[in-house]
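Just so it is clear, the structure is predicted and the values come from calculations on it, not from any experiment. Counting starts at 1 for both ligands and their atoms, following the listed order.
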Amino acid sequence: MTQYIFITGGVASSLGKGLTSAALGALLQARGYTVRLRKLDPYLNVDPGTMNPFQHGEVFVTDDGTETDLDLGHYERFTDVPSTVDDNITTGQIYKRIIDKERKGKYLGGTVQIIPHVTDEIKEFILSDNGGVDFCLCEIGGTVGDIEGLPFIEAIRQLGNDLPTNKTSFVHLTLLPYIAAAGEVKTKPTQHSVKELRSIGIQPDILVCRCDRNISPSDRKKISIFCSVPEESVIQAIDVDTIYAAPKDLKDNGFDAAVLRSLGVKKIPKVNLSKWNKVVKRIRNYDGKVEIAVVGKYVELNDAYKSLFEALSHGGISNNVKVEIKRIDSETLKDKKSLTKLNSVNGILVPGGFGQRGSEGKILSAKYARENNIPYFGICFGMQMAVIEAARNLLGMKNANSTEFGKTDKPIVGLLTEWIKDTGIERRNENSDYGGTMRLGSYPAELKKGSRIRRIYGKSEIVERHRHRYEVNLSYKDDLEKVGLKFVGMSPDGLLPEIIEIQDHPWFIGVQFHPELKSRPFNPHPLFSSFIDAAIIHARMI
Ligand code: GLN
């Protein structure tokens with residue numbers, strides 16, 4: 001029977017609960033177990049799909065087309081287990097389900113309450129469809145004590161009681177701040193956080209303490225006594241130079257062994273971390289570097305392009321170089337002078353994006369890359385902007401634009417109104433809902449013979465994850481191909497452009513999908529490996 005590990009956080013947000021969960025998943029796999037990771041988000045939105053990247057960071061899209069929290073990206077990168085619709089839930093979804101049931105009279109006239117109805121719905125989510133894995137890791141978003149998180153904490157408390165002994169373990173992540181004025185590490189916030197958790201009825205089995213120095217034996221003892229957690233289950237988690245060193249670091253500090261002990265495992269299986277050691281060794285011994293400009297709207301925010309930045313670093317891992325990212329706010333690119341920011345970089349990447357703001361700067365970046373033979377990688381919006389650029393400057397269509405920005409007589413990019421899904425034909429129009437109605441998730445594409453993209457993938461058909469509402473308009477295909485912008489990847493029905501490339505250029509590729517979502521540190525995505533390889537060649541030439 002599956003055993004459940006619940007991960008909560010206290011004291012402060014951004015302590016790395018998602019990464020810790022992902023690293024624990026990787027460690028359990030390294031000991032031969034199967035795992036699955038789930039995220040329970042207490043906010044009221046139905047999913048993060050319509051949330052502002054400034055507030056919520058990247059939206060991670062799964063194969064089955066669910067728009068999820070970015071922590072699922074960490075889970076996939078660390079465990080390589082593809083997430084599904086069953087792996088992320090929000091308070092919004094829970095309430096939506098309950099209200100739908102109530103309207104249908106499913107509660108037979110009973111009063112619908114947080115306990116038991118909301119907590120039952122949460123428990124059902126946690127226990128359903130876990131695929132018979134050895135361990136299901138459930139991370140609760142937010143920090144203990146948040147009003148909106150209470151039903152989730154209550155639900156996992158109940159599960160601790162509902163399930164047989166040794167089937168649940170509670171991990172709590174806290175902060176041990178060093179107070180410079182006192183010259184001391186303080187354990188009080190941790191004590192308070194655990195007190196808060198216990199007031200709801202949960203006694204943590206493991207404490208993961210984020211700190212910037214070793215925990216002294218006396219502090220460990222203090223934490224153990226006040227929090228009733230065995231000393232060997234007070235785990236120190238100091239910042240590591242690369243996130244991919246986290247599994248080994250946590251293992252060395254006894255984390256997964258403590259979790260397994262709390263679940264009644266007597267003989268802890270051997271751990272094989274060779275895959276992780278290889279990745280970390282490469283990262284610590286890079287031979288050179290390249291600089292890539294990422295031109296976007298939310299560049300100052302790490303979380304808004306999480307998977308993208310990771311995938312770029314994976315491209316560096318496969319080529320043995322450090323990838324330095326030059327973050328450029330597309331709104332600052334307006335004229336010749338501002339474009340000088342791009343003249344020292346070895347590659348330009350325009351990532352996914354929405355809306356008109358900043359789009360002209362992205363179009364100018366594509367032009368700059370094309371004219372100056374700098375490797376260009378356009379992802380989703382970045383592909384659409386590259387096609388608009390080619391139409392404007394190679395075909396002389398001054399008004400070329402996207403209908404995403406308003407009416408235009410040259411709709412080079414237009415609204416996607418119909419496409420084929422495995423469940424049938426999907427249709428949309430201008431009045432469709434905003435949430436969850438894009439072309440989402442995995443779709444196949446066929447790659448043209450003789451194209452660069454086919455060489456990069458080494459195959460003729462690929463499957464990649466999508467998240468878009470607009471598409472490149474096929475009416476302009478022939479004209480664009482005549483001036484060198486080739487449509488080299490199409491949906492199997494030939495109706496939807498998936499990939500464009502300029503063959504008379506060192507590396508100029510645009511893709512309608514998001515390859516960054518499928519890149520793994522130990523299995524870098526071929527497009528990112530190839531892009532960084534092109535950037536290395538560029539670096540050698542300048
Ligand atoms: N806004 C564009 C569209 O909806 C691109 C989306 C994206 O980059 N993810 O098609």
Quiz item: When rounded to the nearest 0.5 angstrom, what distance separates CZ in Arg77 from CD1 in Ile243?
Solution: 6.5 Å
Exercise. Look at Lys477 together with Asp479 and state whether they make a salt bridge at an N to O cut-off of under 4.0 Å.
Key: no
Of the protein's non-hydrogen atoms, which lies at the shortest distance from [atom], and what is that distance?
{"atom": "atom 2 (C) of ligand 1", "value": "Glu404 OE1, 3.3 Å"}
{"atom": "atom 5 (C) of ligand 1", "value": "Gly353 O, 3.2 Å"}
{"atom": "atom 4 (O) of ligand 1", "value": "Arg469 N, 2.8 Å"}
{"atom": "atom 7 (C) of ligand 1", "value": "Cys380 SG, 3.0 Å"}
{"atom": "atom 9 (N) of ligand 1", "value": "Arg467 O, 2.9 Å"}

Quiz item: Do you know which of Ile363, Val345, Leu333, Leu342 makes side-chain contact (heavy atoms from CB on, under 4.5 Å) with Tyr368?
Solution: Leu342
Exercise. Indicate whether the side chain of Glu498 and that of Tyr443 have a donor and an acceptor atom separated by less than 3.5 Å.
Key: no
Exercise. For Arg327 and Asn302, test the side chains for any donor-to-acceptor distance below 3.5 angstrom and give the result as yes or no.
Key: yes
Exercise. Could you tell me whether Tyr457 and His525 have their ring centroids closer than 6.0 angstrom?
Key: yes
Quiz item: Any idea which of Tyr470, Phe354, Phe381 brings a heavy atom closest to atom 10 (O) of ligand 1?
Solution: Tyr470
Practice problem: Take every heavy atom of Met438, measure it against each atom of ligand 1, and state whether any distance is under 4.0 Å. | Solution: no
Quiz item: Which ligand 1 atoms are under 4.0 Å away from a heavy-atom of His514?
Solution: 9 (N)
